[in-house]
Amino acid sequence: MLEITGLRAGYGGTEVLRGIDMQVAAGEVVAVLGANGVGKTTLNKVISGVVPARAGEVRFDGRRIDRAPAASIVAAGLVHVPEGRKIFPQMSVRENLELGSYRRARTRRSSNIERVFTIFPRLRERTRQAAGTLSGGEQQMLAIGRGLMAEPRLLILDEPSLGLSPLLVEEMFILVRRLSAEGLTVMLVEQNVVQSLEIAHRAYIIENGAVALYGTAAELLAGPEVKRAYLGL
Amino acid sequence: MFPTEILLEALLNGLMTGAIYALIALGLTLVYGVLHIINFAHGALLTCAMFLVWGGFALVGLDPYVALLPVVPLMFALGYGVQRWVIGPASHGEDNNILLVTLGLSIILENALLAVFRSDTRTLQTDYAFDVVPVGPLLLSTPRLIGAAATLVVTGLLWLLLNRTDTGRAIRAVAHEKLGAQLVGIDVRHIYAVTFGIGTACLGVVACLLMPIFYVNPRSGGVFVLVAFTIVVLGGMGSVPGALLGGLLIGVVESYSALYFGDSLGQLGIFVIFILVLLFRPSGLFGARA
Ligand SMILES: Nc1ncnc2c1ncn2[C@@H]1O[C@H](COP(=O)(O)OP(=O)(O)O)[C@@H](O)[C@H]1O
Ligand SMILES: [Mg+2]
């Protein structure tokens, strides 16, 4: 569904992505792991068209999207829930969700809002509240809910567990597993290595702007490299 | 002291002028709130709109109020185009550049108008320019009353647009969270241009409301926009309700300072208030945001 080959990108004089190759197949949960600053968020931004690629290709359903405007990438069903949520703080919860279907699935807006409220009952109680006044966990729910409003075919989640309490982190991973069970394809970008590998089918480990290691989640969990580098064993 | 009737008349006149000021400030504050730029071309664009209304009247006898129909969409298209294809590309995303681009644009527009129309002052003669409506013991100018009513209608429409349509929600979304907006599929360049277009469309409305009672020369827009800048600061930069209330307040202040200190000093009170606000409430009288 998503194929990335030789992808390079950066900011000004610094190159952040130094030739990334990876794939996400329909129905998978693919984890993208790596320490802070290795370029995970940059990768997501290039895929979703807000940071330009400098070389390489990104294909979604076989179609090149590495020169496409961000709006058309959303229209194609590739939806990115960004790090730091980036919800619209001064707008109500409902308006945030409504804007989730700005470019896609607009005709099913009200039924999808109901669906999001079923997944996140806490948001229903806060429909009219300004999004900026929600708690961190609620803001993360809203960000994901806003992403779901577009009926994504591939959902990119950038560090959804960042800044959440351990209990909420657990809830977040359960949610990802549930969305996947309902048929959604997910690219999960995380620093929470163990929990991500527990729910992912496959994973890529990024170091220094390139894929250092990849394989099935089970292989990686059992392999020596991950144990040594990320689990401190 | 003046008799109550005169004070009351000054109040109402001030509110009516203030409504027009508010409409000019509304466009300015909307563009500031969303694009985060101070549009120095606002005055020159107002002058363009006023010449457009004047031209329609002088060439084909188009009544200034009927002129709303062509002038408002035309000004929207002009504003959209200028932002999308001139200001946006020329500024490369740097706020300082945008400032200079809008300043340059205003100089070009003003000089183009000077070249075509010279600095002569022009007016239109309508047969209702001096009509009055008796309100109790007072006589209120009909065109000014129409202007105030139209301002209220436009403000209401703008509120509906911003709060009840997807385009309006997109405008508000872009104002505070550009990345989030891009990621839900909002085309930010388009929304910037739409916002700029709405700002200039407001100027189109203002021009139609002003021309029955005011004159136009290549500098007349600038006079109004100076006051509008004061209102935007007074109301809180980027605040739409602030612009409306600030406009009304400034209209009243101007009206009373003209009453007490004479017509030529009418705008003195405005700038005294401006400086006081800058000193004591830099975020504006009504503005919550700093
Ligand atoms: N807008 C930007 N401008 C310049 N450098 C950036 C920008 N965003 C990120 N970087 C740099 O790019 C590198 C990778 O950042 P990022 O993609 O956010 O990594 P990660 O998400 O893996 O933590 C970091 O060194 C960061 O400082
Ligand atoms: Mg990141």
Side-chain angles (χ1 to χ4, degrees), chain A residues 41-42 44-51 68-92 94-107 109 128 130-132 139 142-152 155-158, chain B residues 29-30 32-36 80 84-85 88-89 92-94 97 158-195 235-243 283-284 286-290:
Chain A
T41 295
T42 304
N44 295 340
K45 285 184 176 172
V46 174
I47 296 173
S48 47
V50 293
V51 167
S72 78
I73 294 175
V74 173
L78 199 168
V79 176
H80 170 185
V81 177
E83 182 180 281
R85 294 119 195 186
K86 308 296 178 196
I87 51 170
F88 309 119
Q90 85 293 11
M91 300 174 81
S92 72
R94 174 175 288 275
E95 284 181 309
N96 268 270
L97 293 176
E98 284 168 340
L99 277 175
S101 55
Y102 178 84
R103 186 62 66 186
R104 197 176 141 85
R106 195 183 300 210
T107 51
R109 177 173 282 174
R128 302 173 71 88
Q139 291 195 9
L142 181 58
I144 296 178
R146 185 181 69 182
L148 293 175
M149 287 298 295
E151 299 183 355
L155 185 67
I156 300 182
L157 296 174
D158 194 342
Chain B
T29 212
L30 190 67
Y32 179 81
V34 177
L35 284 76
H36 311 296
Y80 186 99
R84 182 94 195 225
W85 292 294
H92 304 286
E94 298 279 333
N97 291 354
L158 204 59
W159 187 89
L160 284 176
L161 173 83
L162 286 174
N163 290 284
R164 292 285 182 268
T165 70
D166 263 15
T167 301
R169 291 186 192 107
I171 290 173
R172 288 159 54 221
V174 168
H176 291 268
E177 183 42 70
K178 209 161 119 184
L179 177 60
Q182 283 176 295
L183 292 180
V184 298
I186 293 170
D187 180 347
V188 173
R189 279 180 311 172
H190 169 70
I191 291 298
Y192 274 1
V194 168
T195 308
M237 306 278 286
S239 159
V240 169
S283 63
F286 315 105
R289 289 186 296 117

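Order of the sequence lines fixes the chain letters, A, B, ..., with proteins taken first and strands second; residue numbering starts at 1 for each chain.
Between B:Gly185 and A:Ala71, the closest heavy-atom pair is O-CB, 3.4 Å. Shown here for A:Val74 and B:Val184, the closest heavy-atom pair between the two residues is CG1-O, 3.9 Å. In terms of heavy-atom proximity, A:Arg103 sits nearest to B:Asp187 at NH2-N, 3.8 Å. Residues B:Arg172 and A:Gln90 come closest through the heavy atom pair O-NE2, 2.9 Å.
Within the model, atoms CG of B:Leu183 and CD1 of A:Ile73 stand 10.0 Å from one another, a figure rounded to the nearest 0.5 Å. In this structure, B:Leu179 CG and A:Ser48 OG are separated by 7.5 Å, a value rounded to the nearest 0.5 Å. To the nearest 0.5 Å, atom CG of residue A:Asn96 and atom CZ of residue B:Arg169 are 11.0 Å apart.
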Checklist entry - Given B:Glu177 and A:Phe88, is the side-chain contact (heavy atoms from CB on, under 4.5 Å) satisfied, shown in steps? => result CA-CA 6 Å; B:Glu177 183 42 70; A:Phe88 309 119; 3.6 Å; yes
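Evaluation of the salt bridge (charged side-chain N to carboxylate O under 4.0 Å, His left out) rule for A:Arg106 yields B:Asp166 as partners, not counting sequence neighbours.
Ranked by non-hydrogen atom pairs under 4.5 Å with chain B, the options A:Arg109, A:Arg85, A:Met149 are led by A:Arg109.
Heavy-atom neighbours of chain B within the stretch residues 77-84 of chain A, taken at a separation under 4.5 angstrom, comprise A:His80, A:Pro82.
For B:Ala181, the parts lying under 4.5 angstrom from a heavy atom of chain A are both the backbone and the side chain. Only the side chain of A:Pro89 comes within less than 4.5 Å of a heavy atom of chain B; its backbone N, CA, C and O stay farther away. Both the backbone and the side chain of A:Leu99 come within contact range of chain B, judged by heavy atoms closer than 4.5 Å.
Judged purely by atom type and a 3.5 angstrom limit, A:Glu95 has no side-chain atom pairing as donor or acceptor with the backbone of B:Ala173.
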